[in-house]
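Structure first, then comments.
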Amino acid sequence: MKRALFPGSFDPLTNGHLDMIERSAKLFDEVIIGIFVNTSKKSLFSADERIDLISQVVAHLPNVKVIQQGNQLTATTAKELGVNTLIRGVRNIKDFEYEQEIAQMNHHLAEVETVFLMAKPKYTHISSSILKEVLHFGGDVSDYLPTVIIEALARKREQNEI
């Protein structure tokens, strides 16, 4: 069985992320989305909220599951899960250079391979960080997010959490 881990903070999950997940689900028997907590970023959604929201978004993909990764390296999580492939999306050369270094270290640490999927042109300019910045100032980012995420953001805005 070919299994892969797609690690990330996914805060929030974008249509670009979803595209990568759907494409990965066609390549692997099982895709595990690993929700990481990025301590260098202020979270919009808690880890539990992200697990719930992303699980709803990928419900149409029977070979995809969502987990919270512990406070550890991606390579360690992959080893514990028995996964020998990581999935990473690449939007541009800057992403590639950054991801290449991480891929080499993950291979060193756990002999895990990284598969890079190129972002579709319509998603190359978006990132969760950029979308959060636009949201902070009241901009419309609905073209870049799954409906479930848009609805969750609206609830947060109503509760003055954004």
Side-chain angles (χ1 to χ4, degrees), residues 1-25 27-59 61-91 94-117 119 123 126-136 141 144-146 148-149 151-153 155-156 159 161-162:
M1 175 185 267
K2 290 188 233 170
R3 301 171 71 219
L5 173 64
F6 186 17
S9 56
F10 306 108
D11 185 44
L13 181 88
T14 68
N15 286 335
H17 292 132
L18 179 57
D19 178 62
M20 294 286 169
I21 294 164
E22 290 173 337
R23 289 163 53 198
S24 297
L27 297 172
F28 295 93
D29 298 316
E30 181 180 34
V31 175
I32 303 165
I33 302 168
I35 307 298
F36 275 96
V37 175
N38 188 333
T39 57
S40 66
K41 295 181 181 178
K42 184 180 184 298
S43 294
L44 188 58
F45 293 106
S46 71
D48 288 340
E49 287 174 316
R50 282 180 272 162
I51 289 169
D52 179 55
L53 291 169
I54 296 168
S55 294
Q56 291 176 56
V57 172
V58 300
L61 301 167
N63 63 330
V64 175
K65 72 178 185 177
V66 184
I67 65 165
Q68 182 174 349
Q69 294 195 238
N71 191 18
Q72 61 189 16
L73 295 169
T74 298
T76 304
T77 300
K79 202 174 226 180
E80 288 176 357
L81 293 170
V83 170
N84 62 2
T85 306
L86 299 177
I87 299 164
R88 297 302 294 160
V90 177
R91 294 170 295 181
K94 182 178 162 188
D95 277 358
F96 176 76
E97 289 173 348
Y98 174 76
E99 294 292 346
Q100 181 186 26
E101 292 172 359
I102 294 171
Q104 290 170 344
M105 183 55 72
N106 284 328
H107 190 269
H108 168 76
L109 294 170
E111 293 187 19
V112 63
E113 296 293 339
T114 301
V115 172
F116 296 110
L117 295 178
Y123 300 127
I126 63 168
S127 69
S128 294
S129 298
I130 290 172
L131 295 182
K132 282 193 274 194
E133 186 73 9
V134 173
L135 280 167
H136 176 76
V141 295
Y144 303 110
L145 300 168
V148 170
I149 306 296
E151 292 167 354
L153 288 168
R155 287 190 297 275
K156 282 198 173 285
Q159 298 167 356
E161 294 180 27
I162 296 178

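Note that the coordinates shown come from a computational prediction; the quantities given were computed from them, not determined experimentally.
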Under the rule for salt bridge (Lys or Arg N to Asp or Glu O under 4.0 Å), what residues qualify as partners of Asp52, not counting sequence neighbours? none
Does any pair with a residue in residues 4-14 pass side chain to side chain donor-acceptor pair (under 3.5 Å), and if so which ones, sequence neighbours excluded? Asp11-Lys132, Thr14-His17
Sequence neighbours excluded and cut-off under 3.5 Å, please list the side-chain donor-acceptor pairs for residues 67-75, or say none.
from	atom 1	to	atom 2	distance (Å)
Gln69	NE2	Thr77	OG1	3.0
Gln72	NE2	Thr77	OG1	2.9
Gln72	NE2	Glu80	OE1	3.0

Side chain to side chain contact (heavy atoms under 4.5 Å, CB included) between Glu151 and Arg155, worked out: CA-CA 6 Å; Glu151 292 167 354; Arg155 287 190 297 275; 3.9 Å; yes
[X] side, atom [atom1]; [Y] side, atom [atom2] - distance, nearest 0.5 Å:
{"X": "Leu53", "Y": "Ile149", "atom1": "CG", "atom2": "CD1", "answer": "4.5 Å"}
{"X": "Arg88", "Y": "Phe116", "atom1": "CZ", "atom2": "CZ", "answer": "8.5 Å"}
{"X": "Leu86", "Y": "Thr114", "atom1": "CG", "atom2": "OG1", "answer": "4.5 Å"}
{"X": "Ile33", "Y": "Leu13", "atom1": "CD1", "atom2": "CG", "answer": "7.0 Å"}
{"X": "Ser128", "Y": "Phe10", "atom1": "OG", "atom2": "CZ", "answer": "8.5 Å"}
{"X": "Ile54", "Y": "Phe45", "atom1": "CD1", "atom2": "CZ", "answer": "9.5 Å"}

Give a yes or no on this: more than 12 heavy atoms of other residues, nucleotides or ligands lie within 6.0 Å of atom NE2 of His107. yes
Pair Glu49 + Lys156: basic N to acidic O under 4.0 Å: yes
Going by the rule side-chain hydrogen bond (donor to acceptor under 3.5 Å, both in side chains), which residues pair with [X] if we only count those two or more places apart in sequence or in a different chain?
{"X": "Tyr144", "result": "His125"}
{"X": "Asn84", "result": "none"}
{"X": "Glu22", "result": "His60"}

Worked check of side chain to side chain contact (heavy atoms under 4.5 Å, CB included) between Phe28 and Asn63: CA-CA 8 Å; Phe28 295 93; Asn63 63 330; 5.6 Å; no
Contact summary for Arg50 and Ile35, nearest pair of heavy atoms: NH1-CG2, 3.8 Å
Exercise: identify the closest heavy-atom pair between Gly89 and Glu99: O-CG, 4.5 Å
Taking the side chain as everything from C-beta on, heavy atoms only, tell me whether [X] gets closer than 4.5 Å to [Y].
{"X": "Leu109", "Y": "Thr76", "value": "no"}
{"X": "Leu27", "Y": "Leu117", "value": "yes"}
{"X": "Ile87", "Y": "Leu5", "value": "no"}

Say whether, by atom type as modelled, one donor and one acceptor occur between the side chain of Asp19 and the main chain of Asn15 under 3.5 angstrom. no
Are Ile32 and Val64 close enough, and set up right, to give a side chain to side chain contact (heavy atoms under 4.5 Å, CB included), and what steps lead you there? CA-CA 6 Å; Ile32 303 165; Val64 175; over 6 Å; no
Run the side chain to side chain contact (heavy atoms under 4.5 Å, CB included) test on Val112 and Thr85 for me, step by step, so that the C-alpha distance in whole Å, both residues' side-chain angles and the decisive distance to 0.1 Å come before the verdict. CA-CA 6 Å; Val112 63; Thr85 306; 5.5 Å; no
